[in-house]
Amino acid sequence: MANRTVIPFGPQHPVLPEPIHLDLVIEDEHVVEAIPSFGFIHRGLEKLAEKRDFTEFTFVAERICGICSYIHGMGYCQAIESVMGLEIPERAKWLRTMWAELSRMHSHMMWLGLLGDAFGFENLFMAFWRVREGLLDIIEETSGGRVIFGAAKVGGIRRDVPDDLLARIPAQLAKIEAEMRPITDVFRDDFSVRQRLCGVGVLSQKDAYDLGAVGPVLRGSGVAVDTRLEGYAAYDRVQVEPIVESDGDCWARAMVRIREVYQSFEILKQVLPNVPAGPVDMKVTGAPNGEFFARLEQPRGEVIYYVKGSGKKQLDRFRVRTPTFANIPPLLKMLQGCQLADVPVIVLTIDPCISCAER
Amino acid sequence: MNLTHAILAALLYIVAAPVLAGLLAGVDRIISARMQARIGPPLLQPFYDLFKLFQKERIAVNKTGHFFLLGYLLFTIIAGVEFFIGGDLLIVIFALALGSVFFVLGAFAAGSPYSHIGAERELIQLMASEPMLILSAMGFYVATGSFQVHDIWSRPDLLIVILPGMFAGLVYVLTIKLRKSPFDLATSHHAHQEIVKGITTEFSGPYLAVIELAHWYETILLLGFLYLFFAPWPWLAVLALAAVYFLEILADNTNARLYWQWVLRSSWIFTAVAGAGNLVVLYYLSRGGTP
Amino acid sequence: MTKHPLKMTKVALENLFQKPATVPYPAVRKPVYAATRGRIAIEEAKCILCLICDKKCPTGAIKVDRPGKTWAIDRLLCIQCGYCVEVCPKKCLGMENLYSPPVSAKAMDVVNVPFTPPPPKPKPPPASATPAATPAPEAGKE
Amino acid sequence: MKLFQKSPWIIHYDGASCNGCDIEVLACLTPRYDVERFGIINTGNPKHADILLITGYINEQSQPVVRTIYEQMPEPKVVVAIGICATSGGIFRECYNTKGGVDSTIPVDVYVPGCAARPESIIDGVVQALAILERKKKEMAARP
């Protein structure tokens, strides 16, 4: 005979740096239901595409989200290039792959820190963000921006990376990897961390599939789907295996991300020595006429870009289905019946990027 | 202890405890920052914070809540004064509990659900910590034959030797009382807490400062409790207290926040094993080995 | 799987006895890289007031006034994308590595440009804008 | 003693930004930049905060939220708009549901440019805000 209380969670909440509002109906400390409300961050970028020149829209596409910024820009450009039938230079493809992996790593490390923070482990937050700064240095040195890379361009990339810099990166990455090891071990082994993650927010394989989960949420529940296997950019020439955990709980999702960071180190080891010489961009004339779906793997999961043009400089239609958007139904499922203390942890395990979800 | 001494001790506690606790909090924050590979704030930062809070605008969510807060401060100080003038240990423990109850009532007086949940968790923490405190009073009684703090600290023998379980139990409970991770359920020194600031959410400006001040008095009182175990050897006591506090900071920086169920269960088990176990052994020994 | 229950304790204690990772910012500044995008700067002597940057800027931060002979940028609108630098036909715009400082009031950064545009062009403003903008894509993709 | 300069507590709200500035605000708290050196704590609770760091522009839905947070903060308080979106609407200025920068809803004291604003820039902005906070404190004391 517990009292039902409604706890407003967000839009301003210390655990969530982003605005999403959840009305948590709780009995004692158990969540009976979570009712989301959205729109705090809706910008209407898909409408904006109709006003902007399609090449200039790249800058907007990069700002769909500041965390997976580069992959948004890259995915948009890929969709446009496919409509226009452009085959971009090899060097650009390899450098795109490099940045995509760097951005995945920085996103995952950021997330691991935030997850630590969500269960009150401040030191873990600090540790991951400390290590992540080294990665941001690499990103800034190669692309010129810390979080918004500004390197995507229709027909290639906007900025070439000098070869001596490319040669220097592996050493820097090795240092970061060495710093990563002890703190990811904490995630794997620490008693209090396991108390807070194991068996929490379990999403069965069937539920994950039926509710349309994507990315680490889906893979954490034992479904091996990774859009990188589609072989866009240079992914057809590097070895990528989908990383799968079978438990479906918060710990499994964290493990998927940790292992993906290490996988990215491996991919970069394959990419960096193999970047071919040559031009990085090509001349783009005309305007897109036709439509295309581009599918990419973001840190948060599969993202879909749809573009439709009719030979004008402005696109007729632009649509992006972001991974967070797809992961919200599984989230609501996971929240049912959890403890109040688990809410931030579970919300974070889908790696919510609300600005992606609402565009 | 005569009256003049008592008044002096009380005044000394009222004046010196916040200074000492503030410095301790400053050291705590610096060491925490270093453990996180940061430089951290200046040593006097807790004082800057406190005085700033007193200068902020007064926003009253609920006047009753503020009255209860004054009760919290008052009873915490009374508990401390009773302790440092060498008074009755039981009065100390119950005045301290009363102060905490006032704090909880203050949080309940505000309408916010965060504040309510924080208050409920504070009650749970009280439930987790009180048995050990009461048990320790019994431990002191069995060991010294008196509940008077004055009698306990003027004993020539080192109490830690016969009450190690009590000491361990109190250290465990201290983590709860100091609001350190893994037991920072009701509120936290850090921002990131699923219930925002928990029990302190609805208090701002000077009222928040009162809470902080009361917390400081409480910290010194609890450290005083631990001091009793080493009373004849002050240097050893200071060293031991420093070590205990360092361990608390280390625990804070190496643990996730746990569930309230876990906190309650573990502290009771710990109380039962370390505290009660110690007591049983003590009884056994005091009867010359016959039960 | 190996168990390291005290791994974090080790990390915390190591951190305690090491130099903090902090760069004490106002006193010491982390070096900027050659690629770092900070703020847009103009070599006004080279500018021909062609309006391309004005037209191409994704946020409309750059305002070029041909009759008044000024080039102006709103620092609070500039997203440092560097597109103007790419499209400038005279390469008079550049990306500095240092960012622009915070301000408490909004203001345009106005630069006087010595170049005098040929007189016939600015007379019909819509007509002058179009021919100036058309060569832009070629200029940007050389 | 200039206490407000020594102990500014911040609260961070994401109006409608792309997250770029938000993660840079959080990066300020982390070891590399460590703003706790200036006594800055991220409180996450408007009732405890002195400085409102706000990123992203304002839309219909976030407007009442921003206003509420601002009103819940006790005096003296300052608002720092971080990033281009917060200062002017930035690249999303022409979107259909934009209200404009943060100053369309609440008074802004310091504008921090940058897309995304760099942590150094944010630190500069907050340090500028401290002087304003101190001034507001004096004004508050002078008021009857």
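Below, read A as the first sequence line, B as the second, and so on, with proteins coming before strands; counting in each chain starts at 1. The basis for the numbers below is simple: all heavy atoms, side chains too, and nothing from hydrogens, waters or symmetry mates.
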Output the distance between atom SG (C:C53) and atom CD (C:E86), rounded to the nearest 0.5 Å.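 Interatomic distance, C:C53 SG to C:E86 CD, rounded to 0.5 Å: 13.5 Å.
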
Can you tell me if NZ on C:K90 sees more than 12 non-hydrogen neighbours from other groups inside 6.0 Å?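 Atom NZ in C:K90 is not packed in, count stays at 12 or less.
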
Side chain, backbone, both or neither of [X] within contact of chain C (heavy atoms, under 4.5 Å):
{"X": "D:R37", "answer": "side chain"}
{"X": "D:I123", "answer": "side chain"}
{"X": "D:D109", "answer": "backbone"}

Please determine whether a side-chain nitrogen of the Lys or Arg among D:E134 and D:K138 lies less than 4.0 Å from a carboxylate oxygen of the Asp or Glu.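 Salt bridge flag = no for D:K138 with D:E134.
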
Is the shortest distance from a Lys or Arg side-chain nitrogen in D:E24 or D:R118 to a carboxylate oxygen in the other one below 4.0 Å?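 No, this pair does not count.
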
Top contributor to chain C contacts, counting heavy-atom pairs under 4.5 Å, from [options]:
{"options": "D:V127, D:D103, D:I132", "value": "D:D103"}
{"options": "D:D124, D:T30, D:I122", "value": "D:D124"}
{"options": "D:A129, D:P113, D:G101", "value": "D:P113"}

Specify which of C:P24, C:P20, C:C81 makes the most heavy-atom pairs with chain D at under 4.5 Å.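 The option with the most such pairs is C:P24.
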
Chain D contact via C:A105 - which portion, at a heavy-atom distance below 4.5 Å: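 Looking at C:A105, just its backbone touches chain D.
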
Does a side-chain heavy-atom distance below 4.5 Å link D:Q128 with C:S104?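 D:Q128 reaches C:S104 side chain to side chain.
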
Within the structure provided, determine whether D:N97 and D:Y57 are in side-chain contact (heavy-atom separation under 4.5 Å).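 Yes, close enough: below the 4.5 Å cut-off.
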
